[in-house]
Amino acid sequence: MRLLLFHHIVLSGYIFSEATKKFPDNFKFGVATSSYQIEGAWDKDGKSPSIWDHLTHTRPWHIEDGRNGDIACDSYYKYKEDVRMLKELGVDFYRFSIAWTRILPSGFINTINWDGVKYYNNLIDELLKNNIEPMVTLYHWDLPQTLQELGGWTNPIMEEYFAEYARLCFKLFGDKVKLWTTINEPRLVCLMGYGINVMAPAYNNTGIGDYLCGHTLLKAHARAYHIYDDEFRKDQKGKIFIVLEFQWLIPKTNSTADINVTETARHFMFGWFANPIYLGNYPKVMIDLVAERSAKQGFPKSRLPKFTEKEIDYIKGTTDFLGLNTYTSFLTNSEEFYDYKMVGFENDIGFQISHDPAWEATAQPQFKIVPWGTRQMLKWIKETYDSPEIFFTENGMADNGTSLDDQLRIKFYREQLKAVLDSMHKDDVKVSGYTAWSLMDNFEWVSGYNLKFGLYHVDFTSPNRTRTPKSSVAYMRKLFKTHCPIEECE
Ligand code: BGC
């Protein structure tokens with residue numbers, strides 16, 4: 001089950017049969033990074049520690065290579081170089097995140113760190129000067145450690161603190177930033193951070209802590225959305241949305257048990273956050289199953305917290321697009337040896353996941369390449385959530401960085417984009433943008449620097465953190481210019 005935690009990829013051999021080979025003219029292309037993964041300067045100019053600084057410093061053994069983001073790509077100092085790379089790629093936008101502790105070192109809005117604000121203003125100005133639109137994520141996993149000490153996302157008060165931080169960001173940067181994303185991948189924040197001791201803050205509280213975290217994150221997201229909507233949208237005229245990740249789930253066999261559990265798992269893995277936002281409240285199957293399991297386990301009430309009617313209404317409809325991150329697909333089958341006494345998110349679903357050995361592998365065994373899975377997933381999302389407008393906020397693959405000639409990455413992007421085009425043209429899925437992860441190699445969370453997702457190679461042994469384009473840069477540059485993922489367009 002550990003597999004769930006990582007991203008996974010698969011693909012190859014996706015048959016592209018669509019006559020329309022190009023993305024529409026108004027389709028937007030960009031690339032993404034996040035603060036902790038690239039900035040470095042972890043304690044410079046007034047920044048305070050986030051939960052990732054804390055985890056990597058106090059428990060370095062938790063990270064595969066024992067390393068951390070103290071320097072990372074050094075983008076705090078090298079942001080102009082980053083923008084030059086973005087310019088070379090010809091992106092329409094750049095998705096990056098703000099480190100909460102760089103602008104609010106105490107975590108609260110009592111003290112603003114103007115040096116931190118200056119850094120983001122400089123970056124945003126440099127982007128705009130180069131005609132690159134900033135897409136800013138408010139929360140990409142680096143919670144202030146001060147707030148973690150109050151329980152982090154399991155404490156409902158975090159909704160307030162996040163709301164104040166978000167309002168400040170809209171005030172500070174909203175005249176120039178028109179694309180905001182609130183929370184990056186809440187499911188992973190909760191499952192991996194509070195459920196199964198993988199990501200910071202690395203707690204082991206599955207089936208309880210993860211649900212509490214999700215509840216707060218949903219309310220915090222909705223709060224930020226409403227603040228933008230009520231106080232800023234009229235003047236700033238931007239868009240604001242959540243970023244959810246989904247690795248498509250495919251029944252392992254045609255048995256009714258596998259088909260049913262797969263559908264249930266989709267609602268837990270994606271519906272947990274998509275349902276409250278698109279349809280109102282948690283998915284019924286999730287409410288029912290967690291309540292049933294909780295009762296059998298002797299809990300006085302469901303481990304899944306309950307929204308009031310007012311909260312259901314408040315959260316519903318709070319996203320302008322569906323920001324979607326995806327990396328792979330999994331096979332799903334029902335758990336043979338289900339033990340009702342075991343308290344845990346995965347046990348609440350009662351499923352197991354695996355891969356088809358025929359799927360094409362990447363550097364990471366769990367990361368297979370499955371472009372047709374992406375297409376099936378988009379269709380399911382369309383049918384389940386009444387055709388939302390989808391904006392891909394991340395998609396990419398890792399290798400081990402041994403060659404700058406990253407042909408597998410080019411193939412990955414080509415096949416994925418063909419599948420997205422088919423979804424748009426044949427399945428009528430609304431997709432308006434696509435973001436590649438990542439601009440450059442960076443700190444890949446618990447994998448440290450072992451996994452490389454970048455279009456640009458970064459030399460982490462050099463004090464200059466020298467950036468070098470991989471072969472995929474030329475492919476992406478052409479794609480961004482022509483809007484065509486295949487050779488034969490010209
Ligand atoms: C995260 C990124 C991460 C990427 C690759 C996404 O879940 O948002 O921060 O680097 O996956 O694992």
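Below, each value reflects all heavy atoms present in this structure, side chains not excepted, and no hydrogens, waters or symmetry copies. All ligand and atom numbering here is 1-based and tracks the order in the structure. FYI, the numbering just counts along the sequence from 1.
One finds no salt bridge joining Arg167 and Glu164 here, because no Lys/Arg side-chain nitrogen approaches an Asp/Glu carboxylate oxygen to under 4.0 Å. A salt bridge links Asp441 with Lys470; the closest basic N to acidic carboxylate O contact falls under 4.0 Å.
Close approach of ligand 1 to Glu185 is summarised as follows: ligand atoms under 4.0 Å from at least one heavy atom of the residue are 1 (C), 6 (C), 7 (O), 8 (O). When each atom of ligand 1 is checked for a heavy atom of Phe453 under 4.0 Å away, the hits are 5 (C), 12 (O). Distances below 4.0 Å separate heavy atoms of His140 from the following atoms of ligand 1: 1 (C), 2 (C), 8 (O), 9 (O).
Here Phe162 and His221 keep their ring centres 6.0 angstrom or further from each other. Taking the six-membered ring for Trp and the full ring otherwise, Phe246 and Trp380 have centroids separated by under 6.0 Å.
Not a single N or O atom of Asn442, backbone or side chain, sits closer than 3.5 Å to an N or O atom of ligand 1. Distances between N or O atoms of Gln37 and those of ligand 1 include at least one value under 3.5 Å. Among the atoms of Trp141, none of the N or O lies under 3.5 angstrom from an N or O of ligand 1.
Contact between Glu394 and ligand 1 is present, with at least one heavy atom of the residue lying under 4.0 Å from the ligand.
Heavy atoms only, all atoms of each residue included: Ala436 and Met476 are closest at CB-CE, 3.6 Å. Here the closest heavy-atom approach between residue Trp141 and residue Asn184 is recorded as NE1-O, 2.8 Å.
Using a 4.0 Å cut-off between heavy atoms, Asn184 contacts ligand 1 through its side chain alone, with no backbone atom that close.
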